[in-house]
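Below is one structure; the comments refer to it alone.
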Amino acid sequence: MTNENPGITPAAARPRRRPVILVASIVLAVLVIAIGAVVAVNNFAGQQKSESLSALKGDRLNALGDARGKVQPAANAYLAAYKKARNAPASRDQAQKDSQKEKEEFQQASNSARSALQELKSGNGSGDTPVGVAVQQLVESHEDYFDYMEGLVESYPQFEGLFRGDDAAGCNGLFVGSKAASLRERQTLLAQAAAPCRKAASELLQSKNNAYVEFARSFNNKVAELEERAEVTAKGEENYAEFVRLKDDFVKRADDAEARNAPDAEVQKIADDAKAVNAQIRANRSEFDFAAKRYLAGVKEMPSLVENVFAKEISADIKHFDSVIPAREQILKDTIDVELTAN
Amino acid sequence: MEETSKESGRGSSRRTGIIVVAVVIALVAGGFGAWFAFFRPSGVQRADVESLDKQRGIVDRSMNLYDPLLEEFTARYTNVVAEEEGDQQKEQVFNQESDLIKRESDVNTGRLDAMAHSPVTQEAEIAEAFRRFKEHYGAVIAYNDQRLINTANITRSMGGPCAPLHKDLNVSGENYAQEYVETADSCLLALASAKDKADADTVQLLEGIEGVVRGQRDKQQEVLDTTDDLARLAKRTTAGVAMLDINDALDKVRTTYEDAVKASSTKLVDDANASNAELERVLKSRLDQFGAAGQEGK
């Protein structure tokens, strides 16, 4: 504050300096307040973010876990109730009415699980942060699981009804067995049963549950194969009747040729023809045997194809979800921890 | 301010004092604020090490998801290839299921890259352990991407055009030789294209199967080429007897493949686990340094 120009009176300089100081002080004050505000906001935002992450890791995930845990028991309860009603016995419609309560309970369980998932997703679902990515993976796995379970419940009456005597599908008509007097009749009866049965099975192709979808694909092909083989065996049986007639014819021709001492050339011709027919019979026989064996094997496989849907496929799929979902949860929790440590 | 106008002399020095105090307060506050706002003291902090260790755990855990995801892929794709006629549905299932695994790998690669950005991995002793970790886990990711291709190629050929060879043909049928040759030709074609993008082990598997199928096919072709009835019967018998060995031959090819795959995957997983344990150890001893030096950074 030394005065370098004594020519100017300090009194004149001071009033001019005063506004400068004033402005400087104001600027400083504003700066201090601004920085203070930035720090406060930053701190507050950071704290809020930490709190929301902690909530995500704790309450949200727990709520989702609880809600998810109720889905499978509710599905099982519905399947059991429906089956019990159907065994009463009751028609499909009646059984659906009788198991309405369980169905609603399942839908409720599935809906609240979905909304718990939605809640977890809201605000955390953007895929450009590590937490967002982990949330997305978790959400996808859950959505797959919920779709799967909903499909399992929704398509169950269709699946369950396929082999029931009172159901429109009437697939048990495929087991013609001893009902047919001839193989042609077997083929006809089979074809009659196969048409509505395959149609009913094809509806399962639209299910949200891939175990039903895959069953429907395999089942349709199996039925198509049965039909094909039934046709081959029926044809083989008819051919056989024709061969018997041909054989009788040959025997007559040979006897006749012998009786009138026919020339060698004619006898040779008869022998050649007989040989050709023999070859045809052999081929017919082999085709028939092959188709018959396959037909029986196909019929025998049918029950296990149906049983495996629940015994193998669905339990394997649920095992898949049981290994994927907890891993996704743990990864999300760990990812949140990383974020919380960094803050 | 009123005072200053009354007594300018005394006021001037007091004002100077106030200004000095204000400036000091402002500087301190500013500095404090800046420190707070750009809160990152130089050097590696304890939290950085803890974070990196958690990230390590996440990457390691993520690898466990490949098995269930690939099993799922195999189950879905095998069914649609075996049972569906339409290419569209096969393509749809393939895209949907393989996309899941591709995204999984992208995420895992992203996690590895994020670890590389940690200040901790810049430190000499940790950098080396992390380099190995990244290399081995990167290899596990790449291996699983390759597994997806291998599985798809094997399913597409063996579950597709090759399947009727051992399923739908009537060995004692009149047209067996003809049918076998035709089916074998389309199977061989599918096997050849399945080698595209497959890894060495899988190519070896496919070539082994090709060898077996081609051998049988050529024997059946000989049956077709023979015009003399008796000779044809003889050829047919030989070709039929050779068919009995086909399962042994295929089994051998398959077992070789499975052993090779097992060996290479075991090695990959072992290496990855070792690098994981090493990184964990290095990070733990780095954490211990903080404990020894109090709570502060170095």
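Since the structure is predicted, the reported quantities are computational estimates derived from the model, not experimental observations. Residue numbering restarts at 1 for every chain, and letters A, B, ... go by the order of the sequence lines.
Proximity to chain A is absent for every atom of B:Asn64, based on heavy atoms less than 4.5 angstrom apart. At a 4.5 Å heavy-atom cutoff, the contact between B:Val93 and chain A is made by side-chain atoms alone. Contact annotation for A:Asp334: both backbone and side-chain heavy atoms come within less than 4.5 Å of a heavy atom of chain B. For chain B, the nearby part of A:Asp317 is the side chain; its heavy atoms alone come within less than 4.5 Å. Both the backbone and the side chain of A:Ile331 come within less than 4.5 Å of a heavy atom in chain B. There is no contact between B:Ala114 and chain A, counting heavy-atom distances below 4.5 Å. There is no contact between B:Leu52 and chain A, counting heavy-atom distances below 4.5 Å. In this structure, no portion of A:Ala34 lies under 4.5 Å from any heavy atom of chain B. The contact between B:Arg76 and chain A is made by backbone and side chain atoms together, counting heavy-atom distances below 4.5 Å. A:Glu140 touches chain B through its side chain: at least one heavy atom from C-beta onward sits under 4.5 Å away, while N, CA, C and O do not. When heavy atoms are compared at a cutoff of 4.5 Å, A:Arg282 does not approach chain B at all.
Side-chain contact between B:Leu100 and B:Gln96 is absent, with no heavy-atom pair separated by less than 4.5 Å. Counting heavy atoms from C-beta on, the side chains of A:Tyr212 and A:Leu205 never come closer than 4.5 Å. Using a 4.5 Å cut-off on side-chain heavy atoms (C-beta onward), A:Ile281 and A:Val277 make contact.
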Any chance you could lay out the salt bridge (charged side-chain N to carboxylate O under 4.0 Å, His left out) test for B:Arg46 and B:Glu50, step after step, and finish with the verdict? CA-CA 6 Å; B:Arg46 188 187 179 84; B:Glu50 284 173 348; 3.3 Å; yes
Report the C-alpha separation of A:Ser218 and B:Asn79 in whole Å, then their side-chain angles, then the decisive distance to 0.1 Å, and conclude whether the side chain to side chain contact (heavy atoms under 4.5 Å, CB included) test is met. CA-CA 8 Å; A:Ser218 306; B:Asn79 177 278; 3.5 Å; yes
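A cation-pi arrangement is present between B:Arg156 and B:Phe94, with the terminal nitrogen or guanidinium carbon under 6.0 Å from the aromatic centre and inside a 45° cone about the axis.
Counting non-hydrogen atoms of other residues, nucleotides and ligands closer than 6.0 Å to CZ of A:Phe243 gives a total above 12.
Counting heavy-atom pairs closer than 4.5 Å to chain A, the top-ranked of the candidates B:Arg61, B:Glu84, B:Gln89, B:Glu71 is B:Arg61.
Without hydrogens or angle criteria, B:Thr121 side chain to B:Ala116 main chain gives a donor-acceptor distance under 3.5 Å.
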